[in-house]
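Quantities reported herein were computed from a predicted structural model and do not represent experimental measurements. Labels below follow one simple rule: chain letters A, B, ... track the order of the sequence lines, proteins then strands, and each chain is numbered from 1.
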2 protein chains.
Amino acid sequence: MAATIRDVARLAGVSTSTVSRALSVPELVNAATRAKVQSAAASLGYAPNRAARGLITGRTGNLGLVLPDLANPFFPSVVKGVQARARAADVAVFVADTDEDDLAEIGLVRALAKQVDGLILCSPRSTDDELREIAAETTVVLVNRLVDDLPAVVFDHRDGMRQAVAHLVALGHRRIAWVGGPANSWSSEQRGAGLAAAAAAQGVELVEVGHFPPYYDGGMAAADQVVATGATAVITYNDLVAIGLLGRLHFRGFFVPDDLSVVGIDDIEMAAMARPTLTTVRLPKQQAGRIAVELLLSLLDIPASTERERPAHRALTGELMVRDSTADAAR
Amino acid sequence: MAATIRDVARLAGVSTSTVSRALSVPELVNAATRAKVQSAAASLGYAPNRAARGLITGRTGNLGLVLPDLANPFFPSVVKGVQARARAADVAVFVADTDEDDLAEIGLVRALAKQVDGLILCSPRSTDDELREIAAETTVVLVNRLVDDLPAVVFDHRDGMRQAVAHLVALGHRRIAWVGGPANSWSSEQRGAGLAAAAAAQGVELVEVGHFPPYYDGGMAAADQVVATGATAVITYNDLVAIGLLGRLHFRGFFVPDDLSVVGIDDIEMAAMARPTLTTVRLPKQQAGRIAVELLLSLLDIPASTERERPAHRALTGELMVRDSTADAAR
DNA sequence: TTGAAAGCGCTAACAG
DNA sequence: CTGTTAGCGCTTTCAA
């Protein structure tokens, strides 16, 4: 069995409460006793039982991360960012993949909520109302989603789309197609809106092709419709969709970027491995994960009764990565 | 505050122990009282506090999953399998990504060990000795690694390589190159050995090209050396390496499969998205995750004092996925 | 500055 | 079949 606080107390010749204090609020205990306790703890390899501590403090020291699909390379990056920051704060991370199932999502969130101090919901598929409810029950930070003024980390899609459009305009494109993501995806809506604004501002025509699954297959499905629009360039919901599009275009004998320019969003690693390599808007994924944890931790340190005044959300800027797939393809 | 067992007891008009029993060992309590308790619990939305339960049962109801790199698409598949099975057993999963850092790995494992009932170590980078030590301290199931007779789920690489070689031989290849993974990778060693055996058995010449990082870049790095061997076909440590190889071959003006046939291992989704699509040995990744959880759960049900007799490990068979990248390229 | 005592929410003997 | 009792390992009053 692992050493308990009593073992340490006995070895150090003090009471358990002194051990507890020496280890968690060192300044409250005499330097000499503190040293005795610490060496005793060290020699026994003592580490407090977190469950027992949690029982009394009401803190688990755990954090939950819920996301739609680990198979989409976007999310592992976020996970990495979250883990790196959580680890530094000695917080363990439960990860739950909902498989893009919005019903499963709520269930998972509810189940996780009981075992963690706070939850990070990345690109949640639930409705605003559901998210409000969840946020009322437990501390939550959203990533890639904005609901009222719930704490959130989002990407500045307006700016990202502005960059993408500016790039395409510089290449001579005047008619751009947009392949949207899932209809219930907040970020698809944001990206579409940002794109519409950018297109209007820069005087190019935008053709919306509809909603597609956020996978390779979604891009395959969208390709023929994109071609039919007569657009000379296309921007897709994410890189996976762009790569699927590339696949189908290749199959149909279209050359990218000669016949059509393609721009994705995310900059997953695969974007640089595709052929042609994919031009895309890089989103700071790991950074988003890190900041989400920081936000969550800061929220948790504040007594629930206190009114928060910190900024409710933070927007991260993306940057255009230009690769083969848009090399002057306009006519 | 969430409802406690006392709230339920009061509402149902019974003692807390009856509530406890009614909820966890229903057959030990009278049907009528059981019903009363259950409806009381339901109306209060009661769910037992797992930390409190764990304190007394010694079980956390949690499981830890440690893996080298979530950015490698192989691992998210395993995670999905693990989660699916764990969820069904009402077990939550801590996920820890070591970033391919073998030192970090031990630390993470030690930290996680205190908060879980058991650990699944997927493709661990630690030494055999370290793994033995860990297994002595906590219940562990290895995935994609064999150490003594520690419980493990592995893939049958011998058979996978046999299939790959048979396929290439049928296409007329007589000289096959092997691009190994990291020198300290157990599975690279296994795959290489399986391949050597298969090559010998089927009378083809095998040329080993050395060890490369298990990423796209590793394949890029290996490509020129592969070409220099004069082999007409190449098998790589994993799909990521194969795709990198494809990239470099394309850059150098070689056509796959006309100039060289390529076979990967894993069958990550990207294999079907590459151009040409990649022939590969599909490993049942999710299944491995599921079985690992099952193994772990079954180990945990057995009192620590009892000697286990169950099979120490289970080997899963892979299957060849034939795609464009090997279409009769022999001469 | 330290110790004694009282629980956190739950389960597990042990009686009845 | 059910209630009483006694903790699991820890933190936190409250006194000293």
Side-chain angles (χ1 to χ4, degrees), chain A residues 1-38 40-41 44-62 90 92 113-117 300-301 303-304, chain B residues 1-38 40-41 44-62 90 92 113-117 300-301 303-304:
Chain A
M1 266 319 278
T4 78
I5 200 172
R6 295 157 96 113
D7 300 324
V8 179
R10 204 171 308 135
L11 184 60
V14 297
S15 74
T16 59
S17 24
T18 300
V19 174
S20 174
R21 279 188 289 254
L23 262 29
S24 45
V25 212
E27 61 274 20
L28 251 58
V29 45
N30 179 310
T33 16
R34 190 196 313 157
K36 252 191 322 194
V37 169
Q38 284 170 340
L44 288 169
Y46 169 77
N49 177 321
R50 297 172 83 129
R53 170 183 289 173
L55 205 51
I56 187 161
T57 62
R59 291 261 161 93
T60 63
N62 298 150
D90 194 29
K114 319 207 135 115
Q115 308 187 56
V116 301
D117 298 331
L300 290 171
D301 282 341
Chain B
M1 266 320 278
T4 78
I5 199 172
R6 295 158 96 113
D7 300 324
V8 180
R10 203 171 309 134
L11 183 60
V14 298
S15 75
T16 59
S17 29
T18 301
V19 174
S20 176
R21 279 188 290 255
L23 263 29
S24 44
V25 212
E27 61 274 20
L28 251 59
V29 44
N30 179 309
T33 17
R34 191 196 313 157
K36 249 192 324 192
V37 170
Q38 284 170 341
L44 288 168
Y46 169 77
N49 178 321
R50 299 172 81 126
R53 170 184 289 174
L55 205 51
I56 185 160
T57 61
R59 292 260 161 93
T60 61
N62 298 151
D90 193 29
K114 321 207 135 118
Q115 308 186 56
V116 301
D117 298 331
L300 290 171
D301 282 341

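The minimum heavy-atom distance linking Q115(B) with A92(A) is given by the pair NE2-CB, 3.9 Å. What you find for R50(B) and T60(B) is that their closest heavy atoms are NE-O, 4.2 Å. Closest of all the heavy-atom pairs between A12(B) and V37(B) is CB-CA, 4.1 Å.
If you find the closest nucleotide of DNA chain C to P48(B) and to G13(A), the one lying nearer the 5' end belongs to G13(A). Heavy-atom distances to DNA chain D give each of R34(B) and A51(A) a nearest nucleotide, and the one nearer the 5′ end belongs to R34(B). For the pair L28(A) and R21(B), nearest-nucleotide mapping onto DNA chain C gives the more 5' position to L28(A).
Of the listed nucleotides (dT11(C), dC10(C), dG9(D)), dC10(C) has the atom at the smallest distance from the side chain of N49(B). Of the candidate nucleotides dG9(D), dT11(C), dT2(D), dT11(C) has the atom lying nearest to any side-chain atom of I56(B). When distances run from any side-chain atom of S15(B) to the nucleotides dC10(C), dT2(C), dT4(D), the shortest one goes to dT4(D). Comparing dT11(C), dT2(D), dT1(C) by their nearest atom to the side chain of T18(B) picks out dT2(D).
The CG atom of N30(B) sits 5 Å away from the P atom of dT2(D) (whole-angstrom rounding). In this structure, I5(A) atom CD1 and dT12(D) atom C1' are separated by 11 Å, rounded to whole Å. Atom P of nucleotide dT2(D) and atom CG of L23(B) are separated by 14 Å, given to the nearest angstrom. For the pair Q115(B) CD and dG9(D) P, the interatomic distance rounds to 16 Å; values are reported in whole Å. In this structure, Y46(A) atom OH and dT11(D) atom C1' are separated by 10 Å, rounded to whole Å. Distance CZ (R59(A)) to C1' (dT12(D)): 15 Å, rounded to an integer number of Å. Atom C1' of nucleotide dC10(C) and atom CZ of R6(B) are separated by 10 Å, given to the nearest angstrom. Look at CG on L55(B): it is 4 Å from C1' on dC8(D), rounded to the nearest Å.
Using a distance-only test at 3.5 Å, with no hydrogens or angles considered, a donor-acceptor pair links the side chain of R59(A) to the main chain of L300(A).
The base of dG9(D) has none of its N or O atoms less than 3.5 Å from a complementary donor or acceptor on the side chain of R50(A). Between the side chain of S17(B) and the base of dT4(D), at least one donor-acceptor pair of N or O atoms lies under 3.5 Å.
Not one side-chain nitrogen or oxygen of T33(A) sits closer than 4.0 Å to the OP1 or OP2 atom of dT1(C).
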| Candidate pair T4(A) and T16(A), rule side chain to side chain contact (heavy atoms under 4.5 Å, CB included), full reasoning | CA-CA 10 Å; T4(A) 78; T16(A) 59; over 6 Å; no

